[in-house]
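We count ligands from 1, going down the list as the structure has it; atoms in each ligand are counted the same way. Since the structure is predicted, the reported quantities are computational estimates derived from the model, not experimental observations.
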Amino acid sequence: MVAMFNPNGSRKWGHSTVETVCPLDCPDSCSLAVTVENGRIVKVDGSKRQEVTAGYICAKVRKFPERVYGDARLRFPGIRKGPKGKGSFSRVSWDEALDLIASRMVEIREKWGAEAILPFYYGGSNGLLTQYTTDAELFRGFGTSRLDRTVCAAPTGAAAEAMYGKMAGVNYLDYVHARLIVVWGANPSTSGIHLVPYIQEAQRRGATLIVIDPRQTPLARRADLHLPIRPGTDVVVALAVHDFLFERGLADERFLAAHTVGSERLRERSAEWPIARAAAVAGIEASALGELADLYAASTPAIIRCGWGLERNRNGGNAALAVLALPAVAGKFGVRGGGYTMSNSGAWDFRPSDFVRAKEPPTRLVNMNHLGRALLEFDAPPVKMLFVYNCNPAVTMPDQNRVLRGLERDDLFTVVFDQVRTDTTAYADVVLPATTFLEHYDIARSYGPPSMQLGRPVIDAFGEARPNSEVFGALARRLGLSGVPDSQEETLLARLGAMPERVRNDLVERGGAVAECGYTPVQFVDVFPRTADRKVNLFPDHLEATGRARLYVYEGDPASEAYPLALISPASDKTISSTLGELGTRAAALTIHPEDAAARGIEGDDGVRIFNDLGELHCAVKLSAEVRRGVVSLPKGLWRKSTFNGLTSNALVPDSLTDFGGGACFSDARVEVQKLARADWAGREVRVWIAETSH
Ligand SMILES: Nc1nc2c(c(=O)[nH]1)N[C@H]1C(S)=C(S)[C@@H](COP(=O)(O)OP(=O)(O)OC[C@H]3O[C@@H](n4cnc5c(=O)[nH]c(N)nc54)[C@H](O)[C@@H]3O)O[C@H]1N2
Ligand SMILES: Nc1nc2c(c(=O)[nH]1)N[C@H]1C(S)=C(S)[C@@H](COP(=O)(O)OP(=O)(O)OC[C@H]3O[C@@H](n4cnc5c(=O)[nH]c(N)nc54)[C@H](O)[C@@H]3O)O[C@H]1N2
Ligand code: SF4
Ligand SMILES: [Mo]
């Protein structure tokens, strides 16, 4: 039956081009054309099936065959044979590996209770079949601890949910109609490349472009106005625009009365932030902030592309609220090319977790940003088994040193299920090989331009790799949980069966084509808030109860005299989070403003030591005014091999949480930087890390 989805797949001989989709954690969800020759992938490229993809994709995924067939790929299940962290394994069969995991799960449940097992997963593969299917049936059915998946989009998601009920955002296609585009804490030139041509076309048609980012991103260079604010100050910048709108009588009182609640309380809080005060806190010229307010008030259609850069700090939830409130207060909805774009993943009429049959048990909920604490400090019960999939927490979670100390625990049984050998698999007791999206079925739901597409295997599974759905299904069967499918085809059919009929038909009848692709809703014409009263909640005070936040209140900057520099870690064009980092061949460099470097006697060919009370990191340095003074930047997604001493920026990131939403505070790392004596980085460590990168 499933063959119908896969007319060309896994062909052993001959040449074919198969249509599928990229499910990586990127907003674009490109439609792909994959060329296969004699059962081997020879080319991955964009297809035109999805309008926004328009036949081109990023360089990362064009290189994906190097990952599929690369040296780092896991071929077989393995059991640890050396110390934790070393990553050496003896090959075992799937049956041996799964029997061992199942028997450990039973033993742990008997001795400590099932809550001593912690599943740990995130967006490695963002599809609807690679998570919330048999994995959820297994872990819910067994009664393990639950994971609060907060590492990304937690504060922005909480804000968008509370304020708008995650109303659908503006499609990329509609950006050409805007007269003003504000790119706020987003860097689409790297992190969602298909938006860029629409912004450029709007500019050709005369639109004004404003970028709000501590770095001079490629779009900031082409913008009419760039506000290089200090990280974590977005909330006061947005409140100053609100204050300007309210005080000058430029707020859209008719819209506020008809479609919102809470504007008076927002107005009170924004009154604290006149432009001069906000500009001083944000470290920008008051005139530039005034210009933002003026232009935003005066331009229609005006659109805000809100990214995730603004959420990754202690003020991140309030920043998202204050930014998303702007189109409501300024009356920017109701026209094509006006409104906002945030994540669209919540814009569908269902949530993936709705499809899980097993009820969610009321077990311990662990905030994933506290992984290190969970492993080292939790008792009642302690974490005795960690089951990692779709995630690389040894490098991607806050407070890396604490995470690594936790992973080193001898009495912790760690399973890591991944496609390649990563910094996390090095700590596994059992390692399991996963298929890539070119070897299994998936359903990719975009969080950028609204689309849903069927992904299908274009080659046979590499080595003994297996899809998530089958592995968790097989474990469920061993543990006596009934009714859990253990083939990916069954999982696919069950998911399709649970989808709204229109979406299912699009996916199936058009041979796995695109549902909703050309859907270009105008906010407040075609789509409305999905809050209980259908209004925009400008002061969702229930959020105050869920975090430590007071709404629209700025919590200050964590900088100190000892650690004055803000370290940020924006997305890089080499990796998607840490995925594809195995192909990296260059040592990472810290970008620092030339004046900050000069003040510390640092020159371009030096090594640097970046440090705070949590740890220190040694790496190369790049002097550039693309970061503002007081801010330093290292790429997101680094592997341990990328730096001289085997740590990533997360070694300097506190595991404190955002004002609400429980999010990660990656941009709250405050550090000092010193020149590294050459002798320090000409040592053995350097050779090891650099040598490993040069395959
Ligand atoms: N190539 C590539 N693409 C990706 C990813 C990747 O790793 N690589 N990751 C994917 C994922 S998981 C996500 S969540 C998205 C993220 O997509 P984006 O939000 O676009 O990416 P980021 O790089 O996290 O942050 C965007 C910008 O915010 C800036 N920034 C940092 N701190 C602040 C701040 O406090 N305020 C403001 N205004 N700006 C700030 C950074 O300098 C950066 O340029 O991208 C996805 N796409
Ligand atoms: N310093 C700093 N750290 C950050 C961020 C930052 O801005 N700064 N950004 C954060 C953000 S936005 C995010 S989203 C997180 C992401 O962090 P993670 O969730 O850890 O994502 P990845 O690093 O991409 O790791 C995903 C892993 O899943 C594996 N995988 C992919 N598909 C499958 C599959 O089908 N089955 C199995 N079993 N495995 C699979 C991949 O091979 C990869 O190793 O990182 C966060 N970390
Ligand atoms: S990572 Fe993003 S841009 Fe690259 S192919 Fe996938 S969806 Fe497209
Ligand atoms: Mo993310």
Side-chain angles (χ1 to χ4, degrees), residues 20-32 44-47 50 52-54 56-64 122-124 126 149-154 156-157 182-196 211-220 227-235 237-238 282 305-316 319-320 323 342-343 345 396 437 444 446-449 451 453 557 566-581 591 626-628 631 633 635-638 663-669:
T20 187
V21 58
C22 173
L24 296 184
D25 192 348
C26 166
D28 291 5
S29 292
C30 292
S31 57
L32 301 178
V44 179
D45 210 340
S47 90
Q50 194 222 35
V52 168
T53 307
Y56 72 94
I57 58 168
C58 66
K60 301 177 293 296
V61 171
R62 280 205 307 272
K63 279 202 316 200
F64 211 86
Y122 197 70
N126 237 10
R149 300 175 71 234
T150 46
V151 73
C152 175
T156 45
V182 184
V183 175
W184 201 316
N187 179 23
S189 309
T190 295
S191 57
I193 58 174
H194 292 81
L195 178 56
V196 175
V211 173
I212 304 178
D213 197 303
R215 292 187 309 150
Q216 199 181 50
T217 58
L219 283 177
L227 303 185
I229 64 170
R230 269 204 262 278
T233 61
D234 303 84
V235 59
V237 171
R305 195 317 172 227
C306 181
W308 293 267
L310 57 76
E311 76 164 21
R312 311 193 199 288
N313 65 80
R314 54 167 72 180
N315 301 301
V323 170
M342 187 59 265
S343 170
S345 66
T396 55
F437 71 87
S446 168
Y447 63 96
S451 77
Q453 298 169 73
D557 186 301
L567 171 67
I568 58 173
S569 37
S572 105
D573 61 357
K574 303 290 184 293
T575 58
I576 287 276
S577 295
S578 74
T579 299
L580 292 160
T591 307
E626 78 199 39
V627 289
R628 57 164 291 147
V631 176
S633 172
K636 166 189 175 186
L638 294 179
C665 291
F666 296 113
S667 297
D668 274 352

request  = Indicate, as side chain, backbone, both or neither, the part of I568 found under 4.0 angstrom from ligand 1 when only non-hydrogen atoms are considered.
outcome  = side chain

key: For P570, atoms of ligand 1 separated by under 4.0 Å from a heavy atom   = 23 (O), 41 (C), 43 (C)

inquiry  = Can you tell me if K60 contacts ligand 1 (heavy atom of the residue under 4.0 Å from the ligand)?
reply    = yes

task = Check each atom of ligand 1 against the heavy atoms of P231 and keep those under 4.0 Å away; list them by number with element.
result = 34 (C), 35 (O)

ask   = At a 4.0 Å cut-off, with the gap strictly under it, does some heavy atom of P214 reach an atom of ligand 1?
value = yes

key: For ligand 1, the portion of S572 having any non-hydrogen atom under 4.0 Å away   = backbone

request  = Check which protein N, O or S atoms are less than 2.8 Å from atom 2 (Fe) of ligand 3 and report how many there are.
outcome  = 1

query = Less than 3.5 Å between some nitrogen or oxygen of G309 and one of ligand 1, yes or no?
reply = yes

query = What atoms of ligand 1 come closer than 4.0 angstrom to any heavy atom of K636?
reply = 5 (C), 7 (O), 9 (N), 10 (C), 11 (C), 12 (S), 13 (C)

inquiry  = Using only atom types and a distance under 3.5 Å, with no angle test, would you say the side chain of R312 pairs donor to acceptor with the backbone of A664?
reply    = no

ask   = Polar-atom distance check: Y447 versus ligand 1, any N or O pair below 3.5 Å?
value = no

query = Do any nitrogen or oxygen atoms of R215 lie less than 3.5 angstrom from nitrogen or oxygen atoms of ligand 1?
reply = yes

task = Between A186, C26, S191, A153, flag the one that comes closest to atom 17 (O) of ligand 1 by a heavy atom.
result = S191

query = Do S343 and S345 have side-chain atoms, one donor and one acceptor, less than 3.5 Å apart?
reply = yes

inquiry  = Just to confirm my output: which protein heavy-atom neighbour is closest to atom 26 (C) of ligand 1, and how far is it?
reply    = G185 O, 3.3 Å

query = Between the candidates N313, V631, T575, N126, which shows the shortest non-hydrogen contact distance to atom 2 (C) of ligand 1?
reply = T575

request  = Please confirm whether the backbone N or O of G581 pairs with a side-chain atom of S578, one donor and one acceptor, at under 3.5 Å?
outcome  = no

inquiry  = How close do C26 and S191 get, counting heavy atoms only, and between which atoms?
reply    = SG-O, 4.0 Å

task = Answer with side chain, backbone, both or neither: which part of N187 has a heavy atom less than 4.0 angstrom from an atom of ligand 1?
result = both

Those atoms of ligand 1 less than 4.0 Å from some heavy atom in S667 = 32 (N)

request  = Please indicate whether any nitrogen or oxygen in R230 is less than 3.5 Å from any nitrogen or oxygen in ligand 1.
outcome  = no

query = Do any nitrogen or oxygen atoms of I212 lie less than 3.5 angstrom from nitrogen or oxygen atoms of ligand 1?
reply = yes

key: N or O contact, A571 vs ligand 1, cut-off under 3.5 Å   = yes

request  = For the residue pair F437 and F64, categorise the inter-ring angle as parallel (less than 30°), tilted (30 to 60°) or perpendicular (more than 60°).
outcome  = tilted

task = Say whether, by atom type as modelled, one donor and one acceptor occur between the side chain of D28 and the main chain of H194 under 3.5 angstrom.
result = yes

ask   = If you count the atoms of ligand 1 from 1 in the order shown, which ones are under 4.0 Å from a heavy atom of C152?
value = 14 (S)

key: Numbered atoms and elements of ligand 1 in range of T190, under 4.0 angstrom, heavy atoms   = 1 (N), 2 (C), 3 (N)

query = Between G123 and R149, what is the shortest heavy-atom contact and its length?
reply = N-NH2, 4.2 Å

message = On a heavy-atom basis, which atom in L32 and which in S47 lie closest, and how many Å separate them?
response = C-CB, 3.8 Å

ask   = Of all residues at least two apart in sequence or in a different chain, which pass the ring-ring contact (aromatic ring centres under 6.0 Å, His included) check with Y122?
value = none

query = Looking at ligand 1, does any of its N/O atoms fall within less than 3.5 Å of an N/O of D213?
reply = yes

remark   = I229 and V237 have their tightest heavy-atom pair at CG2-CG2, 4.0 Å

message = Please check this pair: side chain of S577 against backbone of T579, looking for a donor-acceptor N/O pair closer than 3.5 Å.
response = no

ask   = Polar-atom distance check: T217 versus ligand 1, any N or O pair below 3.5 Å?
value = no

Atom 38 (N) of ligand 1: the protein heavy-atom neighbour that sits closest, reported with distance to 0.1 Å = D234 OD2, 2.7 Å

request  = Without swapping roles, check the side chain of E311 against the backbone of T156 for a donor-acceptor pair under 3.5 Å.
outcome  = yes

ask   = Does G232 come within less than 4.0 Å of ligand 1, judged by its heavy atoms?
value = yes

query = Given W308, W184, Y122, F666, which has its nearest heavy atom closest to atom 15 (C) of ligand 1?
reply = W308

request  = Tell me which protein heavy atom sits closest to atom 46 (C) of ligand 1, plus the residue, atom name and distance to 0.1 Å.
outcome  = D25 O, 3.4 Å

task = Could you tell me which atoms of ligand 1, counted from 1 in the order shown, lie closer than 4.0 angstrom to a heavy atom of I576?
result = 2 (C), 3 (N), 4 (C), 6 (C), 7 (O), 8 (N)

request  = Please identify which atoms of ligand 1 are closer than 4.0 Å to at least one heavy atom of R312.
outcome  = 14 (S), 16 (C), 24 (O)

key: Heavy-atom donor-acceptor pair, T233 side chain to R230 backbone, under 3.5 Å   = yes

task = Show your reasoning for whether ring-ring contact (aromatic ring centres under 6.0 Å, His included) applies to W308 and Y447.
result = CA-CA 12 Å; W308 293 267; Y447 63 96; 5.6 Å; yes

ask   = If every non-hydrogen atom of K636 is compared with every non-hydrogen atom of S569, which pair is closest and at what distance?
value = CB-O, 3.1 Å

inquiry  = Distance alone, cut at 3.5 Å: any donor-acceptor contact between the side chains of T591 and S633?
reply    = no

key: ligand 1 contact by S577, heavy-atom criterion under 4.0 angstrom   = yes

query = If every non-hydrogen atom of T53 is compared with every non-hydrogen atom of G46, which pair is closest and at what distance?
reply = CG2-CA, 4.2 Å

